[in-house]
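Okay, so here's the structure we're looking at.
We count ligands from 1, going down the list as the structure has it; atoms in each ligand are counted the same way.
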Amino acid sequence: MSSGKTIFLRRGKDESLKRFHPWVFSGAVHHVDGDLDEGDIVDVCNSEGEFLARGHWQIGSIAVRILTFDDEPIDGEFWRSRLAAALAVRRSVGLTGREDSDIYRLVHGEGDNLPGLVIDIYGKTAVVQAHSVGMHVNREAIVQALREVMGDNLCAVYYKSETTLPFKAQLAQENGFLWGECRDNVARENGLSFRIDWLKGQKTGFFVDQRDNRHLLEQYARGRRVLNMFCYTGGFSVYAMRGGAQLVHSVDSSAKAIELVNENMQLNFPNDSRHEAFAEDAFRFLDEMKPMYDLVILDPPAFAKHKDSLKNALRGYTKLNARAMEKMPSGSILFTFSCSQAVSKDQFRLAVFTAAAICRRRVRILHQLHQPADHPVNIYHPEGEYLKGLVLYVE
Ligand code: SAH
């Protein structure tokens, strides 16, 4: 049942695969048998030639992303069973078949044993994102399996990999529909409506991963003056409005994001003067603002994309949180996040601790937040835990 192409590992370099870690680093590869093209399916063997796993070959520091540790073919049945298993998880956590919510992540890369693949569902549209050449090569088979698994619950598949595929592979892939076409791009989350810009928006068009945290924020909003910093499509802002905030100010440096937040506000709370949005740089806004906000959300983009930028990233989190905290009235609530994979939960907490100490504020941790159940972490791949947040009471 071999895939026909094989790589052999250096002696002793099979340890991580024995622990079911889904990556083979290029330094572990001893030699390659056969002509390998980027994106090919390869068998991975130890130095003795024993089969260990099968996955997608890629040029770069991660040489193979493992699809299976069993000697099974990567065919239509494989994709179907992996997608069906992913759907079963979403069903178990109550994300499917709901009237008030039709946004969820169906496939979360390694978390669903499909490294390099992300699929988000928005109503009846699936947005597929390939992060590896192998997933790109297999996209047609994936779409076919997706249609079979989702049945009538799907009317279109949009492929959005222009910016996520490795640049060096020069695939020149353009975004577009791979199957069907859906113009209705308003989807629902916990009874709120959001226009999803999968054509031009960041990621797959929406930050699905903050769903539970937005819901929690709603519980804190009553009567408060809310600042949603790095608002993007305004998810936190819309929940704060429903939670009964006195006023909500949304800030993002991107004018496009401000357009989106205003549109989403109009969909849910038309002409409600409690909300205002500002296209401005976060640090500038924080420097110039009055000390008037008693519920603040800080959800910046990843400050550290790689381990090398870790130190600067931690300094960035400290500076940002200190700027916000120093202007928060006593009794305020701060929702603060980091989505950098390279920053651990403890490192982030230390950065926020430092911010609190700089401002000499008494701060209590009320909640420790993380990514939701439709962004599961593969137990053998702890690197998959990326979103962390703290809810703080600032006295
Ligand atoms: N909280 C959002 C997701 C935030 S994504 C949600 O729940 O959907 C990060 C956002 O930060 C992006 O929209 C980006 O435009 C914005 N951003 C990046 N740098 C910024 C800066 N210096 N000042 C303000 N916004 C910034």
Side-chain angles (χ1 to χ4, degrees), residues 101 103-105 120 122 127 163 185 187-190 192-198 200-218 220-221 226-243 248-265 267-268 275-289 293 295-305 309 312-313 315-324 334-341 343 369-372 374-375 386-391:
S101 267
I103 300 176
Y104 62 91
R105 177 157 290 191
D120 284 338
Y122 298 112
V127 180
T163 55
N185 57 356
R188 293 175 75 71
E189 186 184 274
N190 292 317
L192 294 164
S193 299
F194 293 95
R195 188 174 298 284
I196 312 295
D197 188 4
W198 53 71
K200 292 195 221 80
Q202 303 177 45
K203 303 255 174 134
T204 64
F206 192 64
F207 283 68
V208 183
D209 57 1
Q210 290 285 25
R211 181 199 318 107
D212 295 353
N213 303 331
R214 290 192 274 252
H215 204 209
L216 179 67
L217 177 100
E218 184 178 351
Y220 279 95
V226 181
L227 172 63
N228 181 10
M229 188 54 81
F230 309 98
C231 63
Y232 187 38
T233 58
F236 283 105
S237 305
V238 178
Y239 277 79
M241 292 287 280
R242 189 168 68 177
V248 178
H249 289 169
S250 306
V251 179
D252 199 290
S253 56
S254 142
K256 176 75 197 162
I258 296 306
E259 245 176 67
L260 289 170
V261 70
N262 282 329
E263 216 178 312
N264 285 329
M265 205 48 82
L267 274 177
N268 295 280
H275 179 257
E276 240 181 294
F278 306 89
E280 233 183 280
D281 173 71
F283 285 99
R284 221 179 123 178
F285 190 95
L286 291 170
D287 274 349
E288 290 172 5
M289 75 182 191
Y293 301 104
L295 176 51
V296 175
I297 302 114
L298 299 175
D299 185 23
F303 283 172
K305 299 259 190 239
S309 46
N312 279 339
R315 263 191 231 122
Y317 287 120
T318 296
K319 189 170 142 199
L320 176 67
N321 282 277
R323 288 284 168 82
L334 173 61
F335 276 61
T336 183
F337 296 95
S338 161
C339 61
S340 307
Q341 195 155 320
V343 174
L369 306 180
H370 41 77
Q371 64 213 63
D374 54 343
H375 293 57
Y386 71 101
L387 182 63
K388 51 241 152 244
L390 295 168
V391 181

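- Heavy atoms of Met229 come nearer than 4.0 angstrom to ligand 1 in no pair at all.
- The protein non-hydrogen atom at the shortest distance from atom 3 (C) of ligand 1 is Asp299 OD2, 3.5 Å.
- Listed by number with element, the atoms of ligand 1 under 4.0 Å from a non-hydrogen atom of Ala282 are 21 (C), 23 (N), 24 (C).
- Within ligand 1, counting atoms from 1 as listed, the ones closer than 4.0 Å to a heavy atom of Arg214 are 6 (C), 7 (O), 8 (O).
- Between the CG atom in Asp209 and the CG atom in Asp374 there is a gap of 8.5 Å [rounded to 0.5 Å].
- Here the heavy atom of the protein found nearest to atom 4 (C) of ligand 1 is Phe230 O, 3.2 Å.
- Counting heavy atoms of neighbouring residues, nucleotides and ligands inside a 6.0 Å radius, atom NE2 of His215 exceeds 12 of them.
- Within the model, atoms CG of Asp252 and CD of Glu259 stand 12.0 Å from one another, a figure rounded to the nearest 0.5 Å.
- For the atom pair CG of Asn228 and CZ of Phe335, the computed distance is 11.0 Å after rounding to the nearest 0.5 Å.
- Note that the OG atom of Ser254 and the OH atom of Tyr232 stand 8.0 Å from one another [nearest 0.5 Å].
- Asp120 meets the side chain to side chain donor-acceptor pair (under 3.5 Å) test with Arg105, Thr204; sequence neighbours excluded.
- Of the candidates Asp252, Ile297, Val208, Leu260, the one placing a heavy atom closest to atom 13 (O) of ligand 1 is Asp252.
- Atoms of ligand 1 found under 4.0 Å from any heavy atom of Asp281, numbered from 1 in the order shown, are 21 (C), 22 (N), 23 (N).
- Given atom 8 (O) of ligand 1, the protein heavy atom at minimum distance is Phe207 CB, 3.5 Å.
- Near Pro301, meaning under 4.0 Å from one of its heavy atoms, ligand 1 places the atoms 9 (C), 11 (O), 18 (C).
- Closest protein heavy atom to atom 19 (N) of ligand 1: Ser253 OG, 3.8 Å.
- Atoms of ligand 1 lying under 4.0 Å from any heavy atom of Ser254, numbered from 1 in the order shown and given with element: 15 (O).
- Under the 3.5 Å distance criterion, with hydrogens and angles disregarded, a donor-acceptor pair is assigned to the side chains of Arg188 and Ser193.
- Remark: ligand 1 atoms within the under-4.0 Å shell around heavy atoms of Phe236 are 7 (O).
- Note that CZ of Phe337 and CG of Leu387 are 6.5 Å apart. Values are rounded to the nearest 0.5 Å.
- Ring centers of Phe230 and Phe207: at least 6.0 Å apart, outside the cut-off.
- Distances from ligand 1 to the non-hydrogen atoms of Arg284 include no value under 4.0 Å.
- For the pair Gly235 and ligand 1, the shortest N or O to N or O distance does not fall below 3.5 Å.
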